[in-house]
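Side chains included, hydrogens not; waters and symmetry mates left out as well; all remaining heavy atoms used. For ligands, and for the atoms within them, numbers begin at 1 and follow the listed sequence. Keep in mind the model is a prediction, meaning the values are calculated, not measured.
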Amino acid sequence: MMYSDKVWDHFSNPRNVGEIADADGVGEVGNATCGDIMKIYLKIDKDIITDVKFKTFGCGAAIATSSMATEMIKGKPVSEALKLTNKAVVEALDGLPPVKVHCSVLAEQAIKQALADYYRRNGIDPTPIIGELPDPEACHVH
Ligand code: FES
């Protein structure tokens with residue numbers, strides 16, 4: 001079996017799908033490998049991520065990893081969400097086939113972009129906190 005039960009579960013019944021109209025941070029990234037797109041919306045109150053939603057034009061692995069990633073940062077402080085790695089998400093899903101690991105990077109990058117957007121909206125330069133992020137437009141395959 002290529003996919004774990006957890007991957008199937010999050011793919012068949014993804015958590016936190018949708019958008020947040022009055023989000024405090026929005027991140028969008030494209031996957032340079034396949035051209036798929038991920039969008040993450042964050043609601044942040046006093047440094048706590050109170051709500052998170054995602055939308056994707058992505059494959060099953062992208063859906064499952066985003067679903068798991070959103071569950072992992074919901075209710076957590078921003079500082080913890082910043083530390084979320086795609087590796088941790090893949091581990092929480094009991095693994096992904098190696099050819100699909102690139103899909104899990106979408107969620108991590110979109111969360112970082114959304115947090116960068118949140119900092120910018122609050123007049124804070126996100127680069128020293130988050131580091132250089134890939135230009136979201138540069139990743140898009142047109
Ligand atoms: Fe594009 Fe998985 S194949 S995100």
Side-chain angles (χ1 to χ4, degrees), residues 1-45 47-122 124-142:
M1 211 39 312
M2 287 225 327
Y3 291 103
S4 72
D5 290 345
K6 281 190 190 160
V7 173
W8 276 111
D9 175 32
H10 279 265
F11 167 64
S12 321
N13 176 27
R15 282 57 147 187
N16 309 311
V17 173
E19 43 189 296
I20 300 172
D22 59 343
D24 299 305
V26 180
E28 184 179 343
V29 291
N31 190 318
T33 310
C34 61
D36 289 345
I37 294 169
M38 172 77 55
K39 212 161 174 185
I40 298 254
Y41 303 81
L42 299 174
K43 197 80 197 139
I44 299 171
D45 185 26
D47 232 39
I48 301 289
I49 297 170
T50 55
D51 200 11
V52 46
K53 295 262 190 280
F54 80 92
K55 267 170 61 173
T56 185
F57 283 103
C59 68
I63 293 168
T65 47
S66 308
S67 169
M68 179 56 94
T70 54
E71 285 287 276
M72 287 169 85
I73 63 165
K74 205 171 179 176
K76 300 278 165 58
V78 167
S79 56
E80 256 186 66
L82 280 171
K83 281 189 244 149
L84 184 80
T85 62
N86 75 303
K87 195 163 167 279
V89 176
V90 170
E91 273 166 17
L93 286 167
D94 294 335
L96 273 177
V99 295
K100 303 303 280 179
V101 168
H102 75 93
C103 312
S104 67
V105 178
L106 269 186
E108 181 201 310
Q109 290 296 321
I111 288 169
K112 292 211 165 89
Q113 292 284 3
L115 290 168
D117 182 42
Y118 165 71
Y119 280 120
R120 268 184 231 110
R121 290 185 196 203
N122 287 283
I124 300 164
D125 176 10
T127 311
I129 305 163
I130 304 179
E132 288 292 341
L133 289 169
D135 177 2
E137 292 306 317
C139 302
H140 285 183
V141 175
H142 293 284

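Screening the protein for N, O or S atoms under 2.8 Å from atom 2 (Fe) of ligand 1 yields 2; no waters enter the count.
Judged by distance alone, the side chains of Ser4 and Asp94 never bring a donor and an acceptor atom under 3.5 Å apart.
A donor-acceptor pair under 3.5 Å is formed between the side chain of Ser67 and the backbone N or O of Arg15. A distance-only check finds a donor-acceptor pair linking the side chain of Ser66 to the backbone of Ala62 [under 3.5 Å]. Under the 3.5 Å distance criterion, the side-chain polar atoms of Asn122 are left unmatched by any main-chain donor or acceptor of Ile124. No side-chain donor-acceptor contact under 3.5 Å links Asp51 to the backbone of Lys43.
Residues Tyr118 and Asp47 meet the side-chain proximity criterion, which asks for heavy atoms closer than 4.5 Å.
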